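Nothing here was measured: the structure is a model prediction, and the numbers come from that model. Basis for what follows: all heavy atoms, side chains included, without hydrogens, waters or symmetry-related copies.
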Amino acid sequence: MQKAERVAIVGAGIAGLTTALCLARRGYRTDIFEQADALDEVGAGLQLSPNASRILIELGLLPALESVWSEPGEISLADGRSLRQLASVPAGAHARARWGAPYAVLHRASLQAILLDAVRAEPLCRLHLGSRIGDDPQAAIFEAIKQTPAAIIGADGIWSRIRTSIPGAGSSRFSGNIAWRFTLPRTRAPACLPHDRVTAFLAPRAHLVAYPIRKIDGFNLVAIVAGNASGETWAGRETADRRRAFERAFGDWHPDLRSLLDHAAQATCWPLCTVADGAWHNRRDTILIGDAAHAMTPFAAQGAAMAIEDAWELAIRIADSPDTPSAFSRYEEARRARIGRVRKRAAFNSFAYHAAGPVRIARDFILASRAPETLAADFDWLFGYGAQK
């Protein structure tokens, strides 16, 4: 695709901003359209595995990232009722040595701010806030920039409007689980929350992930339980009924964990939705990436990482292809199998994390029999993505 042609990106989240930077590094001009008037903080903690941090480092963002993230020494699985450690995967210096890039945790707003600053400093990127792109994206974008872009990239998330313009695109659907997000000051954290690791506490029907966040000098807590959908939102407020259902799910957990959930800041909650397999592009000028194309449950902690990988791969295909349709086709060929494999890993983790009865006993026995180095090797296909490049 010729570098003189412009590319339009709809959505200024992690996927959209990263795509703009990846394209700019290859000499392409982009217009990023965001319906919000300002890019306010959404979400709390975020895990950046090496397959994602490697790309951000390639974009020149490492110094800024190191000023806001933490690199936990390990990733642990523990029993939510007894606190017994079930398994651990070494991270920290081990992640840099084995996978060639850090495993880090940070506030989502910190990453978005770093990406936003980089986009604003890039002459090839133009950001349009307060610009809603509806059901006819080609017409809306032409009206805004007075020219037809060579490509339109839908990076507008799970509730994508661009997806409605792609014939055969997958539809969003509720997974049956609700995510609850809390924060906890470091000074009030119990001993079961070490400040140097990511810990996933497992039990039947629910699990809780906790890790430190420098921005808040405390812990990000995400609890995932079965529940009912609550509409298109990332920040639904807890109600008395929801809270009672949440408390029932954790009623037999260890007292230390129940206590910290009781004393954490008021929770936000949102339905965990996925996007079914379907078309990612219209074979002409419009393509979906990130959650707009293939949203998955967070059981593998790879939602942001897959969006960042998408941005990198799409920019490569656009730069290496003679025209937009061939770029889209090559991108899809490169991404379909990997996205499918990550989806399967998330589905397996969902089953394993919430296992009960004999399945839980077998899970715990298998985890206990495996050394940390052996468990780390299981992630080579995922975290080592792109390392050879």
Side-chain angles (χ1 to χ4, degrees), residues 14-15 17-19 21-26 45-77 87-108 110-112 114-115 118 196-198 200 209 211-214 289-290 296 298 300-317 319-320 331 334-346 349 370-389:
I14 291 171
L17 295 174
T18 305
T19 303
L21 291 174
C22 289
L23 286 167
R25 298 300 187 266
R26 290 167 174 79
L46 181 70
Q47 298 180 60
L48 277 181
S49 49
N51 48 309
S53 64
R54 177 178 299 109
I55 293 169
L56 300 177
I57 291 168
E58 288 284 344
L59 294 174
L61 304 179
L62 181 59
L65 289 166
E66 287 183 321
S67 71
V68 296
W69 75 18
S70 301
E71 296 181 40
E74 66 180 61
I75 304 158
S76 296
L77 300 179
S88 69
V89 176
H94 179 93
R96 288 184 179 245
R98 185 179 189 101
W99 299 301
Y103 194 109
V105 293
L106 73 167
H107 201 287
R108 181 178 292 268
S110 298
L111 175 57
Q112 179 147 320
I114 288 170
L115 293 170
D196 60 348
R197 72 187 63 176
V198 176
V209 180
Y211 49 87
I213 297 293
R214 285 171 62 179
I289 65 169
M296 60 189 73
Q302 286 294 304
M306 290 301 103
I308 291 168
E309 285 187 14
D310 284 355
W312 182 257
E313 288 284 353
L314 182 56
I316 290 172
R317 308 308 161 186
D320 290 349
Y331 165 83
R335 294 299 291 162
R336 278 282 183 185
R338 181 161 173 83
I339 293 298
R341 190 173 183 185
V342 176
R343 279 185 187 272
K344 288 179 180 177
R345 183 57 179 256
N349 286 354
R370 306 195 67 197
E373 286 280 351
T374 305
L375 288 171
D378 289 344
F379 291 91
D380 286 350
W381 69 272
L382 180 58
F383 295 167
Y385 169 84
Q388 70 276 11
K389 300 176 184 177

Check your understanding: Heavy atoms, side chains only, cut-off 4.5 Å: are Asp196 and Glu74 in contact?
Key -> no

Exercise for review: Please identify each residue that fulfils side-chain hydrogen bond (donor to acceptor under 3.5 Å, both in side chains) with Arg335, with sequence neighbours left out.
Suggested key: Glu309, Asp310

Review point. Do the side chains of Met296 and Met306 get nearer than 4.5 Å, heavy atoms only?
Key: yes

Check your understanding: Between Arg345 and Phe379, is NZ or CZ placed under 6.0 angstrom from the six-membered ring centre and within 45° of the ring axis?
Key -> yes

**Study point:** Test item: Val89 and His94 side chains (from C-beta on) under 4.5 Å apart, heavy atoms
**Key:** no

Review point. Rounded to the nearest 0.5 Å, what separation is found between the CD atom of Gln112 and the OG1 atom of Thr18?
Key: 9.5 Å

Exercise for review: Check Val105 against Pro212 and note the closest heavy-atom contact, atom names and distance.
Suggested key: CG2-O, 3.3 Å

Exercise for review: Test Leu56 against every option in Ile114, Leu111, Ile14, Leu21 by the side chain to side chain contact (heavy atoms under 4.5 Å, CB included) rule and name the one that passes.
Suggested key: Leu111

Review point. Of the non-hydrogen atoms in Pro50 and Phe383, which two are nearest, and what is the gap between them?
Key: CB-O, 3.6 Å

**Study point:** Contact summary for Thr19 and Ala311, nearest pair of heavy atoms
**Key:** OG1-CB, 3.2 Å

Check your understanding: So Glu71 and Arg96, salt bridge (charged side-chain N to carboxylate O under 4.0 Å, His left out) or not? Walk me through it.
Key -> CA-CA 10 Å; Glu71 296 181 40; Arg96 288 184 179 245; 2.6 Å; yes

Review point. Between Arg341 and Leu382, is any pair of side-chain heavy atoms under 4.5 Å apart?
Key: no

Check your understanding: Any sub-3.5 Å donor-acceptor pair from Arg214's side-chain atoms to Trp69's backbone N or O?
Key -> yes

Study note, to complete from the structure: CG of Leu17 to CG of Leu59, rounded to nearest 0.5 Å, is 11.5 Å

Check your understanding: So which heavy atom on Asn51 is nearest to which on Arg338, and how close?
Key -> ND2-NH2, 3.8 Å

Check your understanding: Do Leu314 and Cys22 have side-chain heavy atoms sitting under 4.5 Å apart?
Key -> no

Point to revise | Test item: Ser53 side-chain N/O and Pro102 main-chain N/O as donor-acceptor pair under 3.5 Å | key: yes

Point to revise | Taking every non-hydrogen atom, the tightest pair across Leu375 and Ala87 | key: CD1-CB, 3.6 Å

Check your understanding: Is the closest side-chain heavy-atom distance between Gln302 and Ile308 below 4.5 Å?
Key -> no

Review point. Which pair of non-hydrogen atoms, one from Val198 and one from Pro72, has the smallest distance, and what is that distance?
Key: CG2-CG, 3.8 Å

**Study point:** From Arg370 atom CZ to Asp378 atom CG, the distance as rounded to the nearest 0.5 Å
**Key:** 4.0 Å

Check your understanding: CH2 of Trp312 to CZ of Arg317: how many Å apart, nearest 0.5 Å?
Key -> 11.5 Å

**Study point:** Heavy-atom check, side chain of Val342 versus side chain of Trp381, under 4.5 Å
**Key:** yes

Practice item. Look only at the side chain of Tyr211 and the backbone of Leu46, and say whether a donor-acceptor pair between them is shorter than 3.5 Å. Key: yes

